[in-house]
Structure formats: structure tokens, C-alpha cells
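Only one structure is covered here, and it is reproduced in the block below.
The shown structure was predicted, so the numbers you read here are calculated from the model rather than taken from an experiment. When a ligand or atom number is given, it counts from 1 through the structure's own listing order.
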Amino acid sequence: MLNIVIFGAPGSGKGTQSERIVAKYGINHISTGDVLRAQIKAGTELGKTAKSYIDQGQLLPDELIIDILASTLDSFQESKGVIFDGFPRTIAQAEALKKMLAERGQEVSIMLDLDVPEDELMTRLIKRGQESGRADDNEETIKKRLVVYHSQTSPLIDWYKNDGKYQHINGLGSMEGIFAEIAEAIDKI
Ligand code: B4P
């Protein structure tokens with residue numbers, strides 16, 4: 001089982017690189033951001049709740065996102081592994097993931113930390129906002145998301161270092177070059 005956590009600040013390329021990882025390694029993909037955006041589009045109660053947090057650049061409550069993750073994980077059958085994209089984003093989520101995988105006799109194989117300077121993150125997300133109209137990709141909300149990343153999400157770097165799963169990836173450069181570094185790290189597992 002290849003269980004990969006792809007990690008990084010907003011706009012670091014988690015979604016972009018996840019697509020390449022899925023294509024090469026044939027594992028399942030869970031993007032909590034994609035799940036929430038689909039719920040918003042469908043106008044469900046969960047979608048309405050999600051929108052109120054996402055538009056403010058805030059994280060959804062841990063209990064809610066952990067439940068979503070558990071049910072998505074259970075929907076995969078005969079899986080070769082999973083790429084977790086945008087989850088975990090807090091220590092509580094990382095602990096829940098560890099427990100969920102242990103209950104299934106599994107563990108995280110590697111945590112890939114896409115490291116990108118802040119001015120580049122801002123440039124990428126503003127561009128995506130202009131192209132896609134994503135409501136949370138505007139300068140004010142991006143700044144809030146970066147504050148949330150530093151206070152609630154970046155402590156996971158030390159958490160995964162202590163867990164022996166951490167792998168730094170230079171997230172600046174061509175998408176192909178970054179993927180080559182990722183594939184090299186995965187192939188060494
Ligand atoms: P996500 O959908 O996870 O969004 P993200 O962090 O903004 O994007 P990502 O890093 O995937 O960037 P991408 O590859 O698209 O989360 C959205 C929101 O959902 C959160 O703010 C939160 O409110 C909520 N949420 C999600 N998960 C949660 C959780 N676990 N707990 C609580 N709340 C949660 O790349 C960005 C752009 O850069 C793209 O346009 C791409 O084309 C471009 N790009 C990528 N790589 C590049 C490169 N190498 N060079 C140049 N451009 C590049």
C-alpha cells in the first residue's frame with residue numbers, strides 16, 4: 001500500500017502534482033478541497049457550511065472533515081493506496097489519519113512537503129482566481145489562508161519529521177521538474 005500525504009501552503013501545487021502521481025502510480029486520490037467544492041456546487045447542507053468557511057479563508061472544523069475523509073476512504077475498494085491532498089491540515093487531523101490507517105493495518109508511507117516562497121504562492125493563486133473565478137483566490141482571502149497555514153498547518157512539518165515520514169520537495173520550477181523529484185522520493189520507499 002502506497003499512502004502518500006501531499007502537503008504545502010495554499011497554491012503550492014498539491015492538486016497539480018497529485019494528478020501526476022495518480023497517473024504514474026495508479027492510486028486513489030482524496031482532495032478534501034475538491035470534495036468540498038463539489039458539495040458547494042451541488043448546494044447541499046455540507047456545501048453551505050463549507051462555503052462559509054472557505055470564503056473566509058478558514059479551515060472547516062476537524063470533526064466534519066475527518067468524517068468526510070473516513071467515508072471517502074471506505075468507498076475505495078481493492079485500492080493500491082491513496083494520495084491525501086489537502087488533508088491533514090491540523091495536528092488533530094494527522095492524528096485521526098494515523099488512527100484510521102492503523103485500524104486498516106496501514107500507515108502513511110511518505111509525507112511530501114512542497115516548499116514554495118510566499119510571493120510565488122500569491123502570484124499563482126491570483127492568476128488561478130482570474131482564470132477560474134474561484135471565490136477564495138483573491139488577495140484578501142489568500143492572505144488569510146496563509147496566516148491559517150502558518151498557525152494551524154505548518155506545525156505538521158515537525159509532526160511528520162518526528163514520525164519519520166517527512167520529505168522536503170522544492171516546489172519552485174517546472175511542473176515536470178518538481179514531479180521528477182517527487183517520483184524519485186516515492187521510488188526510494
Ligand atoms: P484546497 O483545494 O486544498 O486548495 P489549495 O491549498 O488552495 O491548492 P493546491 O495546493 O492544491 O494548489 P494547486 O495545485 O491547485 O483547499 C481549499 C479550501 O478548502 C481551504 O482553504 C479550506 O477552507 C478548505 N479545506 C480543504 N481541506 C481542508 C481540511 N483538511 N481541513 C479543513 N479545511 C479544508 O496549484 C495552485 C495554482 O498554481 C494552479 O493554478 C496551478 O496551475 C499553479 N501551479 C501549480 N504548480 C505550479 C508550478 N510548478 N509553477 C507555476 N504554477 C503552478
Side-chain angles (χ1 to χ4, degrees), residues 4-23 29-41 46-73 82-98 100 111-156 159 169-182:
I4 299 172
V5 169
I6 191 150
F7 179 87
S12 56
K14 299 183 290 290
T16 305
Q17 295 299 330
S18 291
E19 284 177 22
R20 289 171 161 75
I21 294 171
V22 168
H29 179 204
I30 300 180
S31 160
T32 40
D34 285 352
V35 171
L36 298 173
R37 281 186 290 277
Q39 295 286 329
I40 293 173
K41 207 169 165 204
L46 171 60
K48 286 177 196 154
T49 307
K51 186 168 167 34
S52 66
Y53 287 93
I54 292 176
D55 286 357
Q56 293 302 315
Q58 299 300 320
L59 299 180
L60 271 85
D62 285 331
E63 317 79 64
L64 198 59
I65 214 90
I66 289 165
D67 278 354
I68 294 172
L69 193 96
S71 51
T72 313
L73 201 54
V82 177
I83 177 145
F84 297 92
D85 163 8
F87 183 99
R89 267 177 151 98
T90 63
I91 302 269
Q93 292 180 18
E95 285 168 349
L97 178 62
K98 190 169 178 149
M100 248 183 271
M111 182 268 217
L112 303 166
D113 176 21
L114 291 172
D115 185 10
V116 178
E118 213 138 289
D119 54 346
E120 170 72 8
L121 295 172
M122 190 58 97
T123 307
R124 286 184 192 179
L125 292 175
I126 286 175
K127 184 162 171 259
R128 184 172 68 183
Q130 287 162 350
E131 288 168 358
S132 73
R134 232 176 93 165
D136 57 340
D137 284 342
N138 62 75
E139 195 169 343
E140 195 194 340
T141 312
I142 296 165
K143 282 184 182 156
K144 287 189 196 158
R145 287 157 67 196
L146 289 172
V147 169
V148 168
Y149 170 76
H150 288 298
S151 62
Q152 298 188 53
T153 307
S154 67
L156 285 173
W159 196 92
I169 301 287
N170 177 11
L172 195 59
S174 73
M175 295 177 192
E176 294 70 29
I178 296 164
F179 182 64
E181 192 181 336
I182 288 177

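Using a 4.5 Å heavy-atom cutoff, the side chains of Ile142 and Pro10 are not in contact. When side chains are defined from C-beta on, Lys143 counts as touching Glu139, because their heavy atoms get closer than 4.5 Å. The shortest distance between side-chain heavy atoms of Arg128 and Arg124 does not fall below 4.5 Å. In this structure the side chain of Val82 reaches within 4.5 angstrom of the side chain of Phe84, judged on heavy atoms. Between Thr141 and Asp55 the shortest side-chain heavy-atom distance does not fall below 4.5 Å.
With a 4.0 Å cut-off on non-hydrogen atoms, Arg134 touches ligand 1 through its side chain and not its backbone. Contacts of Ile178 with ligand 1, taken as heavy-atom pairs under 4.0 Å, involve the side chain alone. With a heavy-atom cut-off of 4.0 Å, Arg37 touches ligand 1 through its side chain alone. Contacts of Lys127 with ligand 1, taken as heavy-atom pairs under 4.0 Å, are absent altogether. At a heavy-atom distance under 4.0 Å, only side-chain atoms of Arg145, from C-beta outward, approach ligand 1. By the criterion of a heavy-atom distance under 4.0 Å, the side chain of Ile65, and not its backbone, is placed next to ligand 1.
Applying the salt bridge (Lys or Arg N to Asp or Glu O under 4.0 Å) rule to Asp136 yields the partners Arg134, Arg145; only residues at least two apart in sequence or on another chain are considered. Every residue two or more places apart in sequence or in another chain that forms a salt bridge (Lys or Arg N to Asp or Glu O under 4.0 Å) with Glu131 is listed here: Lys127.
The nearest protein atom to atom 32 (C) of ligand 1, hydrogens excluded, is given as Leu60 N, 3.2 Å; this is a heavy-atom distance. Nearest protein heavy-atom neighbour of atom 48 (C) of ligand 1: Arg124 NH2, 3.3 Å. Nearest to atom 14 (O) of ligand 1 among the protein's heavy atoms is Thr16 OG1, 2.8 Å. Residue, atom and distance of the protein heavy atom nearest to atom 42 (O) of ligand 1 are Met175 CE, 4.0 Å. When only non-hydrogen protein atoms are considered, atom 49 (N) of ligand 1 lies nearest to Gly173 O, 3.0 Å.
Near Ser12, meaning under 4.0 Å from one of its heavy atoms, ligand 1 places the atoms 10 (O). Those atoms of ligand 1 with a heavy atom of Gln93 less than 4.0 angstrom away are 29 (C), 30 (N), 31 (N), 32 (C). Near Thr32, meaning under 4.0 Å from one of its heavy atoms, ligand 1 places the atoms 26 (C), 27 (N), 28 (C), 30 (N). The contact set between ligand 1 and Gln58, taken as ligand atoms under 4.0 Å from a residue heavy atom, comprises 22 (C), 23 (O). For ligand 1 and Ile54, the ligand atoms under 4.0 Å from any heavy atom of the residue are 19 (O), 23 (O), 24 (C).
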- Message: What verdict does the side-chain contact (heavy atoms from CB on, under 4.5 Å) test give for Leu36 and Ile65, after you've listed the backbone C-alpha separation in whole Å, the side-chain angles of each residue and the deciding distance to 0.1 Å?
- Response: CA-CA 9 Å; Leu36 298 173; Ile65 214 90; 3.8 Å; yes

- Item | Derivation of the side-chain contact (heavy atoms from CB on, under 4.5 Å) call for Ile30 and Leu69 | CA-CA 8 Å; Ile30 300 180; Leu69 193 96; 3.7 Å; yes

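Looking at Ile142, Leu36, Val35 and measuring to atom 24 (C) of ligand 1, the nearest heavy atom belongs to Leu36. Nearest to atom 11 (O) of ligand 1 by heavy-atom distance, out of Gly15, Ser132, Gly171, is Gly15. Across Gln17, Arg89, Gln152, Arg128, heavy-atom proximity to atom 28 (C) of ligand 1 is greatest for Arg89.
Contact analysis puts Gly11 in contact with ligand 1, with a non-hydrogen atom separation below 4.0 angstrom. Every heavy atom of Tyr53 sits 4.0 Å or more from the atoms of ligand 1.
Note: an N/O pair closer than 3.5 Å links Lys14 and ligand 1 by distance alone. For ligand 1, the polar-atom distance check finds an N/O of Gly86 within less than 3.5 Å of one of the ligand's N/O atoms.
The main-chain N or O of Asp85 is never found under 3.5 Å from a side-chain atom of Ser18 such that the two would form a donor-acceptor pair. Of the possible donor and acceptor atoms, one in the side chain of Gln17 sits under 3.5 Å from a partner among the backbone N and O of Met175.
The side-chain contact (heavy atoms from CB on, under 4.5 Å) test with Asp62 is passed by exactly one of Leu64, Leu60, Ile66, Leu59: Ile66.
Counted within 6.0 Å of CD on Glu19, heavy atoms from surrounding residues, nucleotides or ligands total 12 or fewer; the atom is thus considered open.
The line from CZ of Phe7 to NZ of Lys14 is 8.0 Å long, rounded to the nearest 0.5 Å.
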